[in-house]
Amino acid sequence: DLDDDDDGQCDADTQAGSGSIADDTDCDGILNIDEDYGGPLIILTSSDASDFCTEGYSIVDSLTINAITTDPIDLSCLTEITGDLTIEDASAVSVDLSNVVSIDGAVSIHSNTSLGTVTLNALTTVGRYLWINSNEDLSSIDLSSLTAISEELSFSNNQLFTHLDCPNLITLGGAFELSDTNVEVVSMPSLQELNDFNTEIWWWNNINWSLTEIDFSGVTTIGRFYF
């Protein structure tokens with residue numbers, strides 16, 4: 001019995017993690033884990049990410065990564081972001097968000113000098129827009145499970161990126177802009193409709209005109225098309 005004095009609280013000498021996310025609040029000897037961080041999270045170093053995951057959290061209100069070193073950022077413990085994801089001005093060479101299934105807000109990955117890869121292979125839905133802009137070394141972002149973006153998709157000025165592949169994207173609620181890029185292949189074979197009056201596809205100022213293949217084989221309706 002962890003409550004020897006029957007005061008309704010675990011005894012001080014047996015209480016686990018008092019004040020932390022892992023408290024034995026019912027004194028049954030089993031830790032009760034609160035997976036929701038309950039606020040915004042800012043990551044500056046790989047140690048910040050490691051410490052966060054060690055605490056047992058898997059849900060955050062919003063996530064901002066401004067990594068100040070080139071060390072990889074591993075946040076594979078996260079499964080859900082109920083607000084925005086922002087990766088900006090980060091020096092990290094990679095960001096692992098491989099278990100995030102949903103992002104309820106916007107995704108903005110921009111102005112990163114060393115970022116080479118972003119792993120979002122489990123992500124299925126983005127609740128607002130997805131912007132991937134001005135990343136000098138970005139060559140890979142895994143969006144293989146993504147099915148829906150509620151607003152626009154903007155992809156620009158990522159000079160090392162050659163293949164933009166969203167094989168399972170079905171719904172795009174806003175415009176698709178591809179500009180200032182060396183992308184050779186755009187593949188979205190599952191996309192079905194671009195029939196909103198505000199939906200536009202823009203390709204402009206594409207350096208060296210590297211684009212050789214566009215796969216929108218599932219699309220039957222396009223509202224407006226600008227090339």
Distance (rounded to the nearest 0.5 Å) between L169 CG and F176 CZ: 9.5 Å
Value rounded to 0.5 Å, distance of CG in L160 from CG in L115: 11.0 Å
Closest heavy-atom pair and its distance - D74, A49: O-CB, 3.5 Å
Residue from L97, D96, V60 passing side-chain contact (heavy atoms from CB on, under 4.5 Å) with L75: L97
Donor-acceptor contact present, side-chain T212 to main-chain E184, <3.5 Å: yes
Main-chain N/O of T45 paired to D48 side chain as donor or acceptor, under 3.5 Å: yes
Main-chain N/O of G116 paired with D137 side-chain donor or acceptor, under 3.5 Å: no
Donor-acceptor contact present, side-chain N133 to main-chain S156, <3.5 Å: yes
All pairs passing salt bridge (Lys or Arg N to Asp or Glu O under 4.0 Å) where residues 80-92 contributes a residue, at least two apart: none
Side chain proximity check, D61 to D36, heavy atoms < 4.5 angstrom: yes
CZ on R128 to CD1 on I103, rounded to 0.5 Å: 12.5 Å
hydrophobic_cluster_shared for F216 and V183, side chain cutoff 4.5 Å: yes
Flag, side chain of N168 to backbone of S144, donor-acceptor distance under 3.5 Å: yes
Polar side chain donor-acceptor pair, S179 to E177, under 3.5 angstrom: yes
Spacing of CG belonging to L44 relative to OG belonging to S47, to within rounding of 0.5 Å: 11.0 Å
Non-hydrogen side-chain atoms of T79 and I59 separated by less than 4.5 Å: yes
V126 vs E151 side-chain heavy atoms within contact, under 4.5 Å: no
Side chain S58, main chain C77, donor-acceptor under 3.5 Å: no
Which atom of A90 lies closest to which atom of N112, heavy atoms considered: N-OD1, 2.8 Å
Joint cluster assignment, Y57 & L41, ILVMFWY side-chain distance < 4.5 Å: yes
Candidate list L123, L143, L172, test side-chain contact (heavy atoms from CB on, under 4.5 Å), partner L130, passing option: L143
Euclidean distance, N135 CG relative to N158 CG, rounded to 0.5 Å: 5.0 Å
Donor-acceptor side-chain pairing of T119 and N121 below 3.5 angstrom: no
S187 side chain vs D165 backbone, donor-acceptor pair below 3.5 Å: no
Exercise: identify the closest heavy-atom pair between A122 and S98: CB-O, 3.2 Å
Exercise: identify the closest heavy-atom pair between S114 and S91: CB-O, 3.1 Å
Same cluster (ILVMFWY, side-chain, under 4.5 Å), L191 and V186: yes
Check: S134 side chain, N157 main-chain N or O, donor-acceptor pair, under 3.5 Å: no
Connected via hydrophobic side-chain network under 4.5 Å: Y129 and L120: no
pair T147-T171: side-chain heavy atoms closer than 4.5 Å: no
Common cluster, Y37/L78, ILVMFWY with side-chain heavy-atom separation under 4.5 Å: yes
SG-CG distance between C166 and D142, expressed to the nearest 0.5 angstrom: 9.5 Å
